[in-house]
**Q** 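Let me begin by handing over the structure; questions about it come next.
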There are 2 protein chains.
Amino acid sequence: MEPRRTDASRPYRDPSRPVYVISVAAELVRVHPRTLRIYEGEGLVCPARTPTNIRLYSENDIRRVTWIRHLTQNLGVNLAGIRVLFELEERLGMRILEQLYAEREDHSTSTDPEPTDTDPAAAPTPDGPTPADSPSNR
Amino acid sequence: MEPRRTDASRPYRDPSRPVYVISVAAELVRVHPRTLRIYEGEGLVCPARTPTNIRLYSENDIRRVTWIRHLTQNLGVNLAGIRVLFELEERLGMRILEQLYAEREDHSTSTDPEPTDTDPAAAPTPDGPTPADSPSNR
DNA sequence: GGTGACTTGACAACATCATTGTCAAGGTTC
DNA sequence: GAACCTTGACAATGATGTTGTCAAGTCACC
């Protein structure tokens with residue numbers, strides 16, 4: 001049985017708090033720092049900046065880049081396509097990318113931006129981001 | 001004043017009826033027949049076949065290819081990205097691509113696959129498909 | 001304070017992709 | 001029967017994604 005010191009005992013980590021410099025973020029998502037700069041140049045991710053112009057990535061940024069990597073590496077989507085997908089998520093106010101891995105069901109609508117009965121630990125594919133990890137930061 | 005012989009007097013044209021051979025479809029969407037065959041090979045459009053294996057495209061197919069062209073030529077989305085976008089439209093049961101050109105508003109949900117007060121003649125961009133023309137055939 | 005990190009802009013290599021072109025051989029259609 | 005259609009195939013060209021490297025300067029941590 002797991003010891004009781006679980007995430008209930010950890011201090012709350014704000015997923016929007018910028019904490020990672022670019023080299024750390026690159027390691028976390030297994031990508032080159034050069035590539036992270038390109039993603040930013042393309043407008044796909046916008047890390048925060050310190051007063052001395054150092055990039056700082058948040059957990060949400062990491063999640064976003066994870067989705068970018070999944071979409072480019074596994075699904076072959078190019079960066080322009082990802083831009084459109086992210087734009088649609090923002091306009092619809094929904095984590096539509098999660099639908100790629102949601103259990104197929106005959107549902108008429110899905111307006112809840114937050115996944116409800118989804119188990120974040122249950123990755124839809126062995127290599128894909130978890131359903132709760134859509135790049136949208138809502 | 002326009003003569004009374006308008007579309008009210010024309011026979012109803014089923015947009016799902018396959019009527020165009022590949023050369024005609026190519027002209028309609030200004031694309032090479034070779035390219036239409038590639039789109040089909042990629043699973044992006046599925047024209048009907050005659051008993052002698054001749055492709056026949058419907059208005060819905062034409063609309064779908066028009067979206068493909070718009071997304072590739074104007075937005076730079078590659079074919080894999082379009083596949084994901086179409087897949088999401090199917091899974092969500094919504095014409096999400098129309099949201100790219102919908103008037104930006106603070107709406108909480110949009111579950112109606114059919115545009116309501118949208119003027120099909122009012123293209124969102126000079127070069128884009130009309131809002132009512134999302135590739136989804138619902 | 002100095003070393004390794006960060007920043008900027010820039011160029012380049014390589015693999016992949018999108019579109020068009022063309023070919024051959026055979027069947028279809030107007 | 002000529003022009004169209006089908007299949008699979010190869011190829012050219014421009015674009016893209018990722019990584020690498022460069023130079024010069026600034027920052028931050030030890």
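Every chain is numbered from 1 and lettered A, B, ... according to where its sequence line falls, protein lines coming before strand lines. When reading the values below, keep in mind they use all heavy atoms of this one structure, side chains included, and skip hydrogens, waters and symmetry mates. All of these numbers come straight from a predicted model, not from anything done at the bench.
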**Q** Could you state the CG-C1' distance from A:L36 to C:dT7, rounded to the nearest angstrom?
**A**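 Atom-to-atom, A:L36 to C:dT7, this comes out as 14 Å.
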**Q** What closest approach, in Å, do B:L71 and B:L100 show between heavy atoms, and which atom pair accounts for it?
**A** CD2-CD1, 4.4 Å
**Q** Considering only distance and modelled atom types, tabulate donor-acceptor pairs under 3.5 Å from the side chains of residues 38-48 of chain A, sequence neighbours left out.
**A**
unit_1 : atom_1 : unit_2 : atom_2 : d
A:Y39  : OH     : A:R69  : NH1    : 3.2
A:E40  : OE1    : A:R55  : NE     : 2.4
A:E40  : OE1    : A:R55  : NH2    : 3.2
A:E40  : OE2    : A:R49  : NH2    : 3.1
A:E42  : OE1    : A:R83  : NH2    : 2.6

**Q** Within the sub-3.5 Å range, which N or O atoms of nucleotides 14-18 of chain C have a protein N or O partner, and how far apart are they?
**A**
unit_1 : atom_1 : unit_2 : atom_2 : d
C:dA18 : OP1    : B:L79  : N      : 2.6

**Q** Kindly say whether B:L97 contributes a backbone atom to a donor-acceptor pair with the side chain of B:E89 at under 3.5 angstrom?
**A** yes
**Q** Both B:E40 and A:I68 contact DNA chain D. Taking the nearest nucleotide for each, which residue is further toward the 5' end?
**A**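 Closer to the 5' end of DNA chain D: B:E40.
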**Q** Mind calculating the distance between CZ (A:R34) and P (D:dT19) to the nearest angstrom?
**A**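 Going from A:R34 (CZ) to D:dT19 (P), I get 11 Å.
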**Q** Atom pairs, N/O to N/O, protein against nucleotides 1-3 of chain C, distance under 3.5 Å?
**A**
none

**Q** Quick one: does B:D61's side chain have a donor or acceptor within less than 3.5 Å of a partner on B:P18's backbone?
**A** no
**Q** Given side-chain contact (heavy atoms from CB on, under 4.5 Å), test B:V24 with B:E27 step by step and report yes or no.
**A** CA-CA 5 Å; B:V24 174; B:E27 283 175 22; 5.6 Å; no
**Q** Calculate the interatomic distance between A:N74 atom CG and D:dG17 atom P; express it in whole Å.
**A** 16 Å
**Q** In whole Å, what is the span from the NE2 atom of B:H70 to the P atom of C:dT19?
**A** 14 Å
**Q** Please enumerate all protein N or O atoms sitting under 3.5 Å from an N or O of nucleotides 1-6 of chain D, with distances to 0.1 Å.
**A**
unit_1 : atom_1 : unit_2 : atom_2 : d
D:dC5  : OP1    : B:S23  : N      : 2.8
D:dC5  : OP1    : B:S23  : OG     : 2.5
D:dT6  : OP1    : B:R55  : NH1    : 2.4
D:dT6  : OP2    : B:R37  : NE     : 3.2
D:dT6  : OP2    : B:R37  : NH2    : 2.2
D:dT6  : OP2    : B:R55  : NH1    : 3.4
D:dT6  : O5'    : B:R55  : NH1    : 3.1

**Q** Please report the closest heavy-atom contact between B:G76 and A:A80, naming both atoms and the distance.
**A** O-CB, 3.2 Å
**Q** Quick one: A:L44 CG to D:dT18 C1', roughly how many Å, whole number?
**A** 14 Å
**Q** Show the nearest heavy-atom pair for residues A:I96 and B:L88, with the distance to one decimal.
**A**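 The pair with the smallest heavy-atom distance is O-CD2, 3.1 Å.
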**Q** May I have the distance from A:I38 (atom CD1) to C:dA13 (atom P), rounded to whole angstrom?
**A**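 For the pair A:I38 CD1 and C:dA13 P, the rounded distance is 16 Å.
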**Q** Using the test side chain to side chain contact (heavy atoms under 4.5 Å, CB included), find all partners of A:V19 that sit at least two apart in sequence or belong to another chain.
**A**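 Expected list: A:R17.
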**Q** Is there a side-chain contact between A:Y57 and A:L36 in this structure, where contact means two heavy atoms from C-beta onward sitting under 4.5 Å apart?
**A** yes
**Q** Would you please name every residue forming a side-chain hydrogen bond (donor to acceptor under 3.5 Å, both in side chains) with A:S23, sequence neighbours left out?
**A**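 Here no residue qualifies.
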**Q** Is the shortest side-chain heavy-atom distance between B:F86 and B:I68 below 4.5 Å?
**A**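 Yes, close enough: below the 4.5 Å cut-off.
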